Colleague: 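Handing you a structure now.
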Amino acid sequence: MNFELSIRIGGQAGDGALTIGNIIAKAFSRYGLFISTYKDFPSQIREIHTNYTLRACSEKKYSRPSKLDFLFAFDKESILYHQHELKKNGIIITEQKISEVDFRNDAKVYRVPFFDLSVDNFKKHIFKNTIALGVFSEFLEIDEKEFKNIFEERYKRKGEEILNTNIKAFDLGKNFIKEKFGNTEKIKFPPKKKNESILISGNEICAISAIYSGCRFYAGYPITPATEILEFLAKFMPKFEGVVIQVEDEIAAINSAIGAGIAGLRAMTASSGPGISLMTEGLSYAGMTETPVVIVDSQRAGPSTGMPTKFEQSDLFHAVFGGHGDIPRAVIAPSHPEEIFEFTNIAFNLAEKYQIPVFLLLDQFISQNLFTIKIPEIEKYRVERGKFAEETNKNFKRFELSEKGISNRTFIGLPDTLFHITGVEHREDGSITTYASLRKKMMDKRLLKLKYLKEELPQPLVIGQGENVIVTWGSSRLPVEEILPELENTRMVVIRGIYPFKDNLKEILKSNKIICVEQNAQGQLSFIIEKWTGKEVIKVLKYNGRPFYPEEIIEKIRKIL
Amino acid sequence: MNFELSIRIGGQAGDGALTIGNIIAKAFSRYGLFISTYKDFPSQIREIHTNYTLRACSEKKYSRPSKLDFLFAFDKESILYHQHELKKNGIIITEQKISEVDFRNDAKVYRVPFFDLSVDNFKKHIFKNTIALGVFSEFLEIDEKEFKNIFEERYKRKGEEILNTNIKAFDLGKNFIKEKFGNTEKIKFPPKKKNESILISGNEICAISAIYSGCRFYAGYPITPATEILEFLAKFMPKFEGVVIQVEDEIAAINSAIGAGIAGLRAMTASSGPGISLMTEGLSYAGMTETPVVIVDSQRAGPSTGMPTKFEQSDLFHAVFGGHGDIPRAVIAPSHPEEIFEFTNIAFNLAEKYQIPVFLLLDQFISQNLFTIKIPEIEKYRVERGKFAEETNKNFKRFELSEKGISNRTFIGLPDTLFHITGVEHREDGSITTYASLRKKMMDKRLLKLKYLKEELPQPLVIGQGENVIVTWGSSRLPVEEILPELENTRMVVIRGIYPFKDNLKEILKSNKIICVEQNAQGQLSFIIEKWTGKEVIKVLKYNGRPFYPEEIIEKIRKIL
Amino acid sequence: MNYEPKIYEAKKPGWCPGCGDFAVLAALKQVFAKNKIPPWQITIVSGIGCSGKISDYVATNSVHTLHGRVLPVATAIKLSNPELYVIGAGGDGDAYAIGLFHFIHSCRRNPEITYIVMNNQIYGLTKGQFSPTSSKGFVTTSTPYGVQEESIDGVLLALESGATFVARGFSGDVKQLTEIFDKALKHKGFAFIDVLSPCVTFNRFNTYDWFRKRIVKVEEPFGIRHLPRAIRFVREALEDGRFLTGIIFETKKSTLSDLILKDKKVPLVKKGLEVKKEDILDLFYIFK
Amino acid sequence: MNYEPKIYEAKKPGWCPGCGDFAVLAALKQVFAKNKIPPWQITIVSGIGCSGKISDYVATNSVHTLHGRVLPVATAIKLSNPELYVIGAGGDGDAYAIGLFHFIHSCRRNPEITYIVMNNQIYGLTKGQFSPTSSKGFVTTSTPYGVQEESIDGVLLALESGATFVARGFSGDVKQLTEIFDKALKHKGFAFIDVLSPCVTFNRFNTYDWFRKRIVKVEEPFGIRHLPRAIRFVREALEDGRFLTGIIFETKKSTLSDLILKDKKVPLVKKGLEVKKEDILDLFYIFK
Ligand SMILES: Cc1ncc(C[n+]2csc(CCOP(=O)(O)OP(=O)(O)O)c2C)c(N)n1
Ligand SMILES: Cc1ncc(C[n+]2csc(CCOP(=O)(O)OP(=O)(O)O)c2C)c(N)n1
Ligand code: SF4
Ligand code: SF4
Ligand SMILES: [Mg+2]
Ligand SMILES: [Mg+2]
């Protein structure tokens, strides 16, 4: 049986949609379902409608659901904006106070006085979401323990009283619904599965992988949707004796990371649009000085401040082409929560092996939402430092010309081994020069590295078979993958190692019809695909800040094929 | 008669190569010859070999000459590095002190004790370059007045004494050569032409055009090779009541220019590589807020600090693709000193008509060297502000949707007419929103402008006829144009309106063989040409910091065709 | 026109109930109304942060800039049109972290603008990381083991950098805030106000009550004649865990507009862009 | 090894004869030699400018950073390997214009590095534009009608921002400079030295002679116990047209390394990158 359940919780910021959504997500995830969540939150702290969507499937499906089984509506907007997304005869659980609103005719509406129940019983309105959870549990066939266990973990630390109040609130909701509406029809669940899965966000996976991959220096500046990387590392890096500092801006962040990279540490910084743009000069410096540094870009809707809490994939052009001069670099983009651990590890290895800045492109959807994944098989991934060795060398030449363009590296402070690093053109020993022929040699050296790097870059992922090609990247893969079985004669190609451009692109994309699904306004990957295939690409774009629903894509593609 | 004379003056920084080069250039330019100069200076103030090349032609030829008639050698390096570039039987005028150096067998060498003559006669060594000029004049058929007149203008202000000393020094050189070597063979000059030409650098043309084009706000930060724009405007803008400020960095510079642009002024900033990279976030903001601003990028050799005083064309990728998000913008590049006035004017007009940031790409060669040009027919160029009007409007919507995506603009401070500007996604009135459908509309609006702008962008310049195409951009045009007559069946296409990409590119570049001559390591324009033509482009690249000699290109192209 | 505070308000602010920034907005509106300044003659230039949202809540001209870039933009707007009241407004992260150098350079340049920093000692909009004014030891989401750096004080830095009007306000005292803003708006030059503006959501340490116990009101601009004394008093108070509020220093110096604008009567934006052909030719003739 | 100054020199500097920066280089080499520091244990991190070229002239480790970014890079290097002597060096434009915020934040963070600003009150490498320390009225290539802004002083700003070692030197007095550098290198924390380092080519106003008439040497770190007094003296001197040179203030505070590095014995760069699998699993288990 293919089980699938989609829930949206809407309310004003502060109503607690996030809390209850996370509890449901965790409960279902532990039950053995695959969860993906979607937070549609404003870039403002209070008083604006927000909503949280949760999808639970018996199979791995991670894209945003377009049709809902349940809608929790704590405010009027929740009904106005979202009830049209309910499935036929879907269920609405809503605050009784909400008036002057027309409910969809087919919807099963349960109006509950969450606010009053909470205030009457607990003197505070904040338990209304727990009450709602109790209500919700009455519609499910699973044991209420699945939720209550989570309460225990969550509230234990905060004291017995809070825990008990929450449990009381939960029961209150449960009983209210029974008393008022009698026995509701219950949703059948597949049998519970023992599993080792975790419910985690992309930012957190990235942070853990960084630690595993030997990152020991992180400098950053808060920015949505990348902040959690800073926050996670600030908390856990000290255990691994690494350094995490929040600095005065992103320029300081990248230059600090570069400083650590020069010194011989594995270093990283993470940001989003505005911060990434500020790092441009540093990027160019890292390329010129052949300094390994990993730059995570959790993309959000741009340009400029754009929509800080919203999704987009529009920094590809910048990652590939941004910055003055001819800069060696790599750009990779995981396309799935399950790839983030691996790709973060790859980013660090490529950065050190090729001594370049590496962009790891994430996006708001994959960065901030929660997904059920298996704990990665970490032993599969290694720290590969390339030509890095603790070897004293009186004639150390940091930029020695070599066959593949890669020179020996070590850390600064090795006896008798002197470093000279400069963003100015330099000789093999790092001293400044403007000699024409040497300049050319050094430039060739730096760019030569890309030739070899290209081979090692993650391969495109090809799924399915067929004449037609849908090419995509980043988390756009998730909805495309979901609709793929419904399309005839079509294969999906996910570009994951974006730059340097792979030689096999033309071959892999061979087709009469190339459709590119990506989520930005200019068709940034499409441009590159057109360049490499010499073919016009049919672009399927979205850029309103919300990730594609699978259905939207299929509709558009049906029109094309 | 086709007259052509090429001279190089070499010495240590501080030896005065620049001064004497400029005097010769001015004298010849006034005489009616077309001058182009080439400064090959270190990014260091003293004690390093520098050289200045000067080409004087009876026709407009502005590229760097590869063969020299004259070499002034104030230091040993001048001989070591440069004598191989002398034509057969070329002339070397050199400091007598220089020893242990082998002169080319065929060269006519005149060893003169410049240093001693200067010190013996004037107690200072600094007159050695004027003495050298006197020597030089003995080899020319033209009247010595041509030089002495310039002394008078130059040194008048500094006082009679300095003037007289210089004249004495000049005569000293002249007489020395006569006495020691007798009558030298004299170079014949074409007859003197009355002319209205000027000898000017690209930066200065750009600055004058900015003033003419209505620029009344300039914010900048010094950087080679763009500084002269700041310096020229600082001096002359006040006369036109405009504002020029040197601010704390390039971020402040672009944000100041944007502020003035928002307020309703025509505003500009200029920089080079590192500074341009720092402006990336501001660029994205200008695109989002639809603020006109002109960004002049006097390109230099990158990446990073690169070779600050050296030539390159490697910021094209950044200008076109740099910055996070989907940013509307324009990129134009004059390809000839005579185009700079016009293109600066176009930059301001496009910026205001389309309410976007506009990149004006110059480069070190065209920016800092001197060229003889006619004074532009300035009345041909106008200030076109587009939808800018002083119209009070109680319901002013700065971002009103319209057919071509362009909204009405005015200045801030018009009675009852309120502005709301934000880098966040916004409604027509500028208030913040994240509504999905509005977001899409606003993004479409901003990008729609490019469709119309594209039509108005400077057309590619096609010179010559033939099956084969040499495509080029910026000052690379100069050497290509010079060799074009020597190639059969070949036309030259100069891309001047670079972005948005023109629809007619494929048509205009139709050919079996497309050769792209540009001066960067990645082939940045080539990449774009390949994208638009679907054809592989044969790249002729140079990136050692020195512009192509025409001969180098022809050699490479002969191998290809 | 009826100059009431509400004519300056565009929409209901989206700040958390109790946020200190409400007081700043309220005081501004009162001062505008009191001085009968038409909305179109005001331009609020704001940064990025909860504080920066203020520009979205006013029915005056408003420019919501990039994070940290309030001052370059505000200065340019003022130079472009000196008839405007230009008010910069941002958070402590905006002003003292990423934008700190613009702040200090503005102090010495003395542009005729008012600059209000809503100092909540935290990054509000990004949900609670420490800022340069957070106290040492303070536990935030990015400093789970406590802030490790000394905090800095905007008032001291402004005094040291040549600012001509330096004040501190407190969101718990709208009356005083209004008085300060009133004087600031009338000041010829750079008028800087650090407003202690509690973040009730992410900073549970520096609360209204916390401040109330520590605030000492300054009645006179006591440092007016003596900068070193002003500096000493502010520093001593801070070392003692107290905050002086009120106008702390005020002086007269030539402003950036004085120095840079030739003609102060007609704003640049109102001048035509035409130039005399001869004047341009004269520029070219330099190169003859 | 024979610790002589010349072992630290890589090539003949390309500065103009008479440039103040020679003195800084000379003093540094002497201090290195005196303290017998092996070249590989020193890292000079420099900015962009004539001053920044110093990194190309030393036979120690050197990192020539971007314009204004000396301090983030230097701090990171020091944290990565505390066994190094890390010395930041740059110009007044580098430190007080584009890099000013890094400077002030470094003062409050107290990283264990020495930071030398070669203050020539001009942009040397770009040929003579004004800098934030140029005097008001000074005619430069970008201010043909004179500088219009008040200058700022690095020493005052450092004192106000919590720096733990603040000094001023003069290139005309290599002996004093050497003494200052010697102490700076031994200081535990951020040691800042503003060196009045004349540019003989583009600044014909602030010449050696000009300074000699205005310099007052401070023999003791007289402010050592009293910051406000140090601030007052420096300010009064400046207002009076005089420059105090010597060590102006020195104090002890916990350093950034103290606070941020768990294990101060083994430098981070010398530690392996391996982690225990269980430790990583523990991180994942948080999300069970
Ligand atoms: C360049 C850049 N970096 C980071 C951010 C993310 N960001 C938004 S608001 C903010 C800081 C907010 O703190 P503060 O300035 O104190 O304002 P508050 O929200 O506390 O009023 C940050 C870092 C951004 N928008 N731009
Ligand atoms: C981002 C950036 N902007 C501008 C420049 C150009 N630039 C090189 S050196 C310099 C300033 C030099 O002044 P200062 O720091 O005082 O050093 P000095 O040469 O006087 O020693 C500038 C602006 C640059 N390299 N990078
Ligand atoms: S989070 Fe803090 S600063 Fe932001 S609105 Fe809420 S209380 Fe105000
Ligand atoms: S220009 Fe000035 S700062 Fe630069 S080397 Fe010469 S004297 Fe020194
Ligand atoms: Mg704040
Ligand atoms: Mg300087």
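Below, chains carry the letters A, B, ... as their sequence lines are ordered, and counting in each starts from 1. Just so you know, these numbers come straight off a predicted model, no measurement behind them.
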Colleague: Check this for me: does any side-chain nitrogen of one of K264(D) and D258(D) sit under 4.0 Å from a carboxylate oxygen of the other?
Modeller: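 Salt bridge: yes.
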
Colleague: Determine whether the aromatic ring centres of Y57(D) and W15(D) lie less than 6.0 Å apart.
Modeller: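 Yes - the distance between ring centres of Y57(D) and W15(D) falls below the 6.0 Å cut-off.
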
Colleague: Non-hydrogen atoms of chain A under 4.5 Å away: do they reach the side chain of K78(D), the backbone, both or neither?
Modeller: neither

Colleague: Identify which of G272(D), S80(D), S62(D) forms the greatest number of heavy-atom pairs closer than 4.5 Å to chain A.
Modeller: S62(D)

Colleague: So, do F32(D) and Y85(D) have ring centers that fall under 6.0 Å from each other?
Modeller: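 Not close enough - the centres of the two rings lie 6.0 Å or further apart.
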
Colleague: Heavy-atom pairs under 4.5 Å with chain D - which of S256(A), G261(A), G423(A) has more of them than the others?
Modeller: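 Among S256(A), G261(A), G423(A), the one with the most close pairs to chain D is S256(A).
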
Colleague: Both conditions, 6.0 Å and 45 degrees, for the charged tip of K288(D) above the ring of Y285(D): are they met here?
Modeller: yes

Colleague: Let me know if F341(A) has heavy atoms under 4.5 Å from chain D in its side chain, its backbone, both or neither.
Modeller: side chain

Colleague: Ignoring hydrogens and angles, tell me if any N or O in the side chain of S431(A) forms a donor-acceptor pair with the backbone of R427(A) under 3.5 Å.
Modeller: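 Looks like no, no N/O pair under 3.5 Å.
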
Colleague: Is it true that E384(A) and K353(A) have a side-chain N and a carboxylate O under 4.0 angstrom from each other?
Modeller: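 Salt bridge between E384(A) and K353(A), a charged N being under 4.0 Å from a carboxylate O: yes.
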
Colleague: If you count heavy-atom pairs under 4.5 Å between each of V243(A), I258(A), V383(A) and chain D, which one has the most?
Modeller: V243(A)

Colleague: Most heavy-atom pairs under 4.5 angstrom with chain A, which of V73(D), L66(D), I77(D), I260(D)?
Modeller: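 Between V73(D), L66(D), I77(D), I260(D), the count favours L66(D).
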
Colleague: Report which part of E153(A) has an atom under 4.5 Å of a heavy atom belonging to chain D: side chain, backbone, both, or neither.
Modeller: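 Neither; nothing under 4.5 Å.
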
Colleague: Report which part of R30(A) has an atom under 4.5 Å of a heavy atom belonging to chain D: side chain, backbone, both, or neither.
Modeller: side chain

Colleague: Answer with side chain, backbone, both or neither: which region of E390(A) has an atom nearer than 4.5 Å to a non-hydrogen atom of chain D?
Modeller: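 Neither part.
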
Colleague: Examine whether an atom of F419(A) lies under 4.5 Å from a heavy atom of chain D, and if so say whether it belongs to the side chain, the backbone or both; otherwise answer neither.
Modeller: both

Colleague: Under 4.5 Å heavy-atom distance to chain A, tell me which part of V45(D) shows up: side chain, backbone, both or neither.
Modeller: neither

Colleague: Could you look at Y212(A) and say if it's the side chain, the backbone, both or neither that has a heavy atom under 4.5 Å from chain D?
Modeller: both

Colleague: How about F240(A) and F236(A): are their ring centres within less than 6.0 Å of each other?
Modeller: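 For F240(A) and F236(A), the ring centres are not under 6.0 Å apart.
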
Colleague: Determine yes or no for a side-chain-to-main-chain donor-acceptor pair under 3.5 angstrom, with S55(D) supplying the side chain and G52(D) the backbone.
Modeller: yes

Colleague: Is the side chain of D56(D) donor-acceptor paired with the backbone N or O of I432(A) at a distance under 3.5 Å, no angle test?
Modeller: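 At least one qualifying donor-acceptor pair exists.
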
Colleague: Between S213(A), P376(A), G282(A), which shows the greatest number of heavy-atom pairs under 4.5 Å with chain D?
Modeller: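 Top count of heavy-atom pairs under 4.5 Å with chain D: P376(A).
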
Colleague: Among T65(D), I44(D), I286(D), L281(D), which has the most heavy-atom pairs under 4.5 Å with chain A?
Modeller: T65(D)

Colleague: Does any backbone or side-chain atom of K239(A) lie under 4.5 Å from a heavy atom of chain D? Answer side chain, backbone, both or neither.
Modeller: both

Colleague: Given the options E83(D), K277(D), K276(D), which has more heavy-atom pairs under 4.5 Å with chain A than any of the others?
Modeller: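 Maximum pair count with chain A is reached by K277(D).
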
Colleague: Flag the one option from H420(A), R385(A), E248(A) with the top tally of heavy-atom pairs under 4.5 Å to chain D.
Modeller: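 Ranked by contacts with chain D, first place is E248(A).
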
Colleague: I need the residue from T43(D), T60(D), N81(D) with the largest number of non-hydrogen atom pairs under 4.5 Å to chain A.
Modeller: T60(D)

Colleague: Tell me, out of A219(A), A253(A), G259(A), who's got the most heavy-atom pairs with chain D below 4.5 Å.
Modeller: G259(A)

Colleague: Quick check, are the ring centers of F165(D) and F190(D) under 6.0 angstrom apart?
Modeller: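 They do not qualify: ring centres at least 6.0 Å apart.
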
Colleague: Look at K6(D) together with E4(D) and state whether they make a salt bridge at an N to O cut-off of under 4.0 Å.
Modeller: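 E4(D) and K6(D): salt-bridged.
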
Colleague: Can a donor-acceptor pair be found between the side chains of S284(A) and E281(A) at a distance below 3.5 Å?
Modeller: no

Colleague: Only one of R409(A), H426(A), E428(A) forms a side chain to side chain contact (heavy atoms under 4.5 Å, CB included) with R398(A), so which one is it?
Modeller: R409(A)

Colleague: With chain D as the partner, which of S29(A), P238(A), S197(A), C215(A) has the greatest number of non-hydrogen pairs under 4.5 Å?
Modeller: P238(A)

Colleague: Once the angle between the rings of F192(D) and F103(D) is folded into 0 to 90°, is it parallel (under 30°), tilted (30 to 60°) or perpendicular (over 60°)?
Modeller: tilted

Colleague: Is L370(A) close to chain D through its backbone or its side chain, or both, or neither, when contacts mean heavy atoms under 4.5 Å?
Modeller: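 Neither part.
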
Colleague: Given a strict heavy-atom distance threshold of 4.5 Å, which part of L84(D) is in contact with chain A: side chain, backbone, both, or neither?
Modeller: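 For L84(D), the side chain is the part near chain A, not the backbone.
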
Colleague: Could you tell me which of L79(D), T75(D), D279(D) has the largest number of non-hydrogen atom pairs under 4.5 Å with chain A?
Modeller: D279(D)

Colleague: Please classify the contact between H105(D) and chain A as side chain, backbone, both or neither, with a heavy-atom cut-off of under 4.5 Å.
Modeller: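 Only the side chain of H105(D) comes within 4.5 Å of chain A.
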
Colleague: Can you tell whether the side chains of K271(D) and D263(D) come within less than 4.0 Å, N to carboxylate O?
Modeller: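 Yes, this pair counts.
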
Colleague: Which region of R266(A), side chain (C-beta onward) or backbone (N, CA, C, O), has a non-hydrogen atom less than 4.5 Å from a non-hydrogen atom of chain D, or is it both or neither?
Modeller: side chain

Colleague: Does any backbone or side-chain atom of I262(A) lie under 4.5 Å from a heavy atom of chain D? Answer side chain, backbone, both or neither.
Modeller: side chain

